[in-house]
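Worth knowing before you read on, the calculation uses all heavy atoms, side chains too, and leaves out hydrogens, waters and symmetry mates. Predicted, not measured: the structure shown is a model, and the values here were computed from it.
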Amino acid sequence: MKTIKLDYENILSFAGKDVILSWQGKVTEAYGKLMGKTGQGADFLGWTNLPGNTADEMLSDIEASAKKIQSQSDVFIVIGIGGSYLGSRAVIEALKPNFFNEKSETKTRIYFAGQNISSDYMKDLMELIRDRSITVNIISKSGTTTEPGIAFRLLKDLIESKYGEQSKDRIFVTTDRSRGALKKLAGSMNYKTYVIPDDVGGRFSVLTPVGLLPIAVAGINIRELMRGAGDMADICKSDKIFENPACTYAAIRNQMLKIGKQIEVLSMWTPKFHYLAEWWKQLFGESEGKEGRGIFPASCNFTADLHSMGQYLQEGQRIIFETLVLTENEEKNIFIKKDPENLDELNYLEAKNFDFINKKAAEGTSRAHHDGGVPNMTLRIPELKEYYLGQVLYFFEISCALSGYILGINPFNQPGVEVYKKNMFSLLEKPGY
């Protein structure tokens, strides 16, 4: 079976294999902390075992709920913010056809709420769904997070006004096992409830019911997603830098930081990966950005951003390294035809397909950025399938944890996130603030 591959050839002129291998001691120490659960934040390492420990009964239950939601709903709304929605949205956007919500054969359209506090967004969403059959999935550990909480108030009121006593069948809750406002509400209203494991933080939760229920409602095979993650877990059972791709990636990232490359740009070569990049930015930004340390995670969508950010990447401050994300084989192809007049001078592309041209653009960009002083590596994904995306998710999660431990910080807390909340609560005159 094929696997994802990390191609680091364009790193080696900036950091040779011997330099990367010099990180082996710190990588081994970080790996030991992670797998031995002895490092900072060890109470939040349940995600490392999810691929092997997720019960078949759980997957079957999620699949049954997904079928129920599909059968009763024109619209399924996922309510959450950060890790409560980015993972599922990343997988759905990557694996579903472009514009899938606009296709006539799409029975259940999927929308997201609670990820912002924009009145325009919420008003437009409410107007869009008002006359459609609706089911919602509210995802929150506590049930008191502001953004999803106020979105849920509005949508709960709409569902109750439309369905009355049948409302409980239209609200699915993913929350804490035993405590919190949302858990209490779900129990009193008899909502179907799924558990956010106590030992899994939000940004690592895509392979729990947090991500799996919305992904299943989208018609995506969650078993194949988990199988891919499980196989990547097996591949990562080594602390040797060049045997474990997550160790390779973590060592390279820290070496890049050591030589002054403070920003990593994740370059996505298909629009389907936009939200995968958003998920990756939260994963690494929230995990590493603390105590005055960490690599700043940024992303670009190519080739679109080559006509804007491309200039900075090529000739701006040399504080950047880059990771390209490419699929080896796109499922659909469209070919260029000959134009008799050739006014656009593009006949040299006759009989070539878009995917071929895109890959040559990626290859040319990789060379250009390398020659311009931007070290870069490429994560190569064999196909856009559930199995390989499961590998990608687990690869980045393991890499992130290792990289954080190498940095000497706790990759599993986020104390800085609470600062804006305290200021916002004070300005909103919340009691106690």
Side-chain angles (χ1 to χ4, degrees), residues 58-81 84-116 121-140 148 151-152 154-164 166-175 186 191-194 205-226 271-272 274-276 279 331 384-386 389-390:
M58 169 65 75
L59 297 177
S60 296
D61 187 88
I62 290 172
E63 289 166 337
S65 289
K67 288 180 180 178
K68 177 180 178 180
I69 293 166
Q70 291 166 344
S71 70
Q72 71 183 15
S73 309
D74 297 324
V75 169
F76 177 61
I77 302 174
V78 182
I79 308 171
I81 193 167
S84 296
Y85 96 102
L86 277 173
S88 61
R89 189 163 192 176
V91 174
I92 292 167
E93 298 274 351
L95 295 178
K96 296 294 288 183
N98 293 295
F99 320 113
F100 72 94
N101 269 343
E102 310 306 318
K103 293 180 178 289
S104 59
E105 63 267 28
T106 299
K107 172 63 177 72
T108 304
R109 289 159 172 78
I110 299 176
Y111 300 104
F112 295 86
Q115 80 277 32
N116 60 59
Y121 182 95
M122 202 63 203
K123 183 70 173 177
D124 289 345
L125 177 63
M126 296 289 283
E127 290 176 356
L128 176 69
I129 67 174
R130 192 169 298 279
D131 297 324
R132 303 185 187 184
S133 57
I134 309 161
T135 299
V136 304
N137 176 205
I138 169 66
I139 306 168
S140 176
F152 182 51
L154 290 173
L155 290 162
K156 178 174 172 288
D157 182 64
L158 176 61
I159 287 174
E160 288 175 346
S161 67
K162 285 173 69 76
Y163 302 108
Q166 281 72 50
S167 296
K168 71 178 185 65
D169 296 323
R170 301 275 179 167
I171 296 174
F172 288 71
V173 170
T174 309
T175 191
Y191 297 146
K192 174 66 176 178
T193 303
Y194 289 99
S205 67
V206 61
L207 298 178
T208 74
V210 169
L212 294 178
L213 178 60
I215 290 167
V217 173
I220 292 166
N221 189 329
I222 58 174
R223 293 176 186 270
E224 277 295 285
L225 192 74
M226 296 298 284
K272 286 188 168 190
H274 174 78
Y275 277 96
L276 180 63
W279 172 82
E331 184 178 5
L384 262 183
K385 301 289 186 184
E386 291 95 334
L389 202 58

If we ignore hydrogens and angles and just use 3.5 Å, is the side chain of [X] paired with the main-chain N or O of [Y] as donor and acceptor?
X: Lys162; Y: Arg130; value: yes
X: Thr135; Y: Phe76; value: no
X: Asn101; Y: Ile110; value: yes
X: Lys96; Y: Lys272; value: no
X: Thr175; Y: Ser140; value: yes

On a heavy-atom basis, which atom in [X] and which in [Y] lie closest, and how many Å separate them?
X: Ser84; Y: Ile139; value: O-CD1, 3.2 Å
X: Gly114; Y: Ile79; value: CA-CG2, 4.3 Å
X: Leu212; Y: Leu59; value: CD1-CD2, 4.0 Å
X: Ser167; Y: Glu160; value: OG-CA, 3.2 Å
X: Arg109; Y: Ser104; value: NH2-CA, 4.2 Å

### Query
For Glu386, which of Leu95, Ile222, Ile215 qualifies under side-chain contact (heavy atoms from CB on, under 4.5 Å)?
Leu95

### Task
Indicate whether any N or O donor in one side chain lies under 3.5 Å from an N or O acceptor in the other, for Tyr194 and Asp61.
yes

So do the side chains of [X] and [Y] get within less than 4.5 Å of each other, counting heavy atoms only?
X: Val217; Y: Asn137; result: no
X: Arg223; Y: Ser60; result: yes
X: Ser65; Y: Leu213; result: yes
X: Tyr111; Y: Val75; result: yes
X: Pro214; Y: Phe112; result: no
X: Ser73; Y: Arg170; result: yes
X: Pro148; Y: Ile138; result: yes
X: Tyr275; Y: Ile92; result: no

### Query
After noting the C-alpha distance and the side-chain angles of Tyr163 and Asp169, does the key distance pass the side chain to side chain contact (heavy atoms under 4.5 Å, CB included) rule?
CA-CA 9 Å; Tyr163 302 108; Asp169 296 323; over 6 Å; no

Drop me the distance from [X]'s [atom1] to [Y]'s [atom2], to the nearest 0.5 angstrom.
X: Glu224; Y: Met226; atom1: CD; atom2: CE; value: 12.0 Å
X: Leu125; Y: Met122; atom1: CG; atom2: CE; value: 5.0 Å
X: Ser133; Y: Ile69; atom1: OG; atom2: CD1; value: 12.0 Å

### Check against side chain to side chain contact (heavy atoms under 4.5 Å, CB included), Ser161 and Leu158
CA-CA 5 Å; Ser161 67; Leu158 176 61; 4.2 Å; yes

### Lys/Arg N to Asp/Glu carboxylate O, Lys67 vs Glu63, below 4.0 Å
no

### Message
A cation-pi test, strictly: NZ or CZ of Lys103 under 6.0 Å from the centre of the six-membered ring of Phe99 and no more than 45 degrees from its axis. Yes or no?
### Response
no

### Query
Between Leu155 and Met126, does a side chain to side chain contact (heavy atoms under 4.5 Å, CB included) hold up when you go through it step by step?
CA-CA 8 Å; Leu155 290 162; Met126 296 289 283; 3.7 Å; yes

### Message
For a side chain to side chain contact (heavy atoms under 4.5 Å, CB included) check, start with the C-alpha distance between Leu86 and Gln115, then their side-chain angles and the critical distance, and finish with the verdict.
### Response
CA-CA 9 Å; Leu86 277 173; Gln115 80 277 32; over 6 Å; no

